[in-house]
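Since the structure comes first, as structure tokens, the remarks are kept for the end.
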Amino acid sequence: MILEPNLPIGQVHDLIISKIRSYFAGAGMKKAVVGLSGGIDSGLVFPLACEALGAENVHGVLMPSQYSTSHSIKDAEQLAINLGASYDIVPIGDIYGAYMEKLGDWFNDGQWSVALENLQARIRGAVLMTYSNKFSALVLNTSNKSELFMGYGTLYGDLCGAMMVIADLYKLQVYELAGEVNKRAGRVIIPESTLTKAPSAELRPDQKDTDSLPPYEILDPILHALHEEGRSAEELIAEGADKNLVARIVRLKGASSFKTVQIPPVLTIGEHPIVPPYKCI
């Protein structure tokens, strides 16, 4: 993937570390909290935060539901152990069940709904913000640029936080930077299975990102061409891109704009962040 400006991945790493430190210093804060899922996004943000602030100042919160896989929970725990950072496990199954008991009349049609997925994300957001309030730790958001453009995130849930650390990185760039973290450490920080398993929000049984989104190998170059390069859908189609796919991406990108104006400040890497300049770090 091309970064704008075209920075080597090592410089991207150093810039993120520098901006995290600067942001916390400006806010007069020392501690951070990150929701850990066992996925690649939190798997990257957590070690970046530990390097920037010191592992003793970064806390992880694992919030498994009945849809979380055992390997994801294991990966999240192993990440914290590899970093020497503290973490808690706060299962949300019972909390989710309590909501469903009270709201059951809304879902008595027996059909699965995205509202049920968003409810889980909002429970997790509430847990993280409660920790933040109690222990004076800023929540570091883990959403990436690909997901944000496609609206693949929940307002007041996994889009909450004080700072969006990787929101100017596409998903493929997240994987590249994760590899750099392990390379610099000279050992495994981010578990290998986190780097290789299929991305999933794990909000319903057997869920994969590709259930809702095109594969990132296809999605990211199209998003990059549309946003960073300022190219039109017509140009991409004329060059051979699938017409229906491009139309779908453009439609989702437009439909998600109401979310992006509400997200926390974005740590910027390139010259074309997803939000207006006043929301950039």
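All values below come from the heavy atoms of this structure, side chains included, with hydrogens, waters and symmetry mates left out.
Judged purely by distance below 3.5 Å, without hydrogens or angles, the side chains of Gln207 and Asp211 never pair a donor atom with an acceptor atom. Side-chain atoms of Lys197 and Ser72 form a donor-acceptor pair, as typed in the model, at a separation below 3.5 Å. Side-chain contact annotation: Thr69 with Lys74, donor-acceptor N/O pair under 3.5 Å absent. Donor-acceptor pairing under 3.5 Å is recorded for the side chains of Tyr216 and Asp209.
For Phe135, the ring-ring contact (aromatic ring centres under 6.0 Å, His included) partners are Tyr131, not counting sequence neighbours. With sequence neighbours left out, Ser232 forms a side chain to side chain contact (heavy atoms under 4.5 Å, CB included) with Glu234, Glu235. A search for salt bridge (Lys or Arg N to Asp or Glu O under 4.0 Å) contacts involving Glu101 returns nothing, not counting sequence neighbours. The side chain to side chain donor-acceptor pair (under 3.5 Å) check on Ser193 picks up Asp75, with sequence neighbours excluded. For the side chain to side chain contact (heavy atoms under 4.5 Å, CB included) test, residues two or more places apart in sequence or in another chain that qualify with Trp112 are Tyr67, Tyr96, Leu116, Glu117, Gln120, Arg204. Here Ala185 pairs with Arg187, Ile189 under the side chain to side chain contact (heavy atoms under 4.5 Å, CB included) rule; sequence neighbours left out. Listed by chain and number, the residues in a salt bridge (Lys or Arg N to Asp or Glu O under 4.0 Å) with Arg248 amount to none (sequence neighbours excluded). Legend: residues meeting salt bridge (Lys or Arg N to Asp or Glu O under 4.0 Å) with Glu180, ordered by chain and number and at least two apart, are Arg184.
The backbone N or O of Ala126 sits less than 3.5 Å from a side-chain atom of Thr130, completing a donor-acceptor pair. Looking only at distances, no side-chain donor or acceptor of Lys208 sits under 3.5 Å from a matching main-chain atom of Ala198.
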Review item, side-chain donor-acceptor pairs of residues 32-44, under 3.5 Å, at least two apart:
from, atom 1, to, atom 2, distance (Å)
Ser37, OG, Gly39, N, 3.0
Ser37, OG, Ser42, OG, 3.4
Asp41, OD1, Asn144, ND2, 3.1
Asp41, OD2, Asn144, ND2, 3.2
Asp41, OD2, Lys171, NZ, 2.9
Ser42, OG, Ser37, N, 3.2

Would you list the atom pairs, donor with acceptor, under 3.5 Å between side chains in residues 49-57 and any protein atom, with sequence neighbours excluded?
from, atom 1, to, atom 2, distance (Å)
Glu51, OE1, His13, NE2, 2.9
Asn57, OD1, Lys31, NZ, 3.4
Asn57, ND2, Leu53, O, 2.8

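What you find for Thr260 and Leu148 is that their closest heavy atoms are CG2-O, 4.0 Å.
Partner of Tyr170 under the side-chain contact (heavy atoms from CB on, under 4.5 Å) criterion, chosen from Glu147, Glu176, His227: His227.
Cluster partners of Val114 are absent, since no Ile, Leu, Val, Met, Phe, Trp or Tyr has side-chain heavy atoms less than 4.5 Å from it. Listed by chain and number, the hydrophobic cluster partners of Tyr278 come to none, as no ILVMFWY side chain reaches under 4.5 Å of it.
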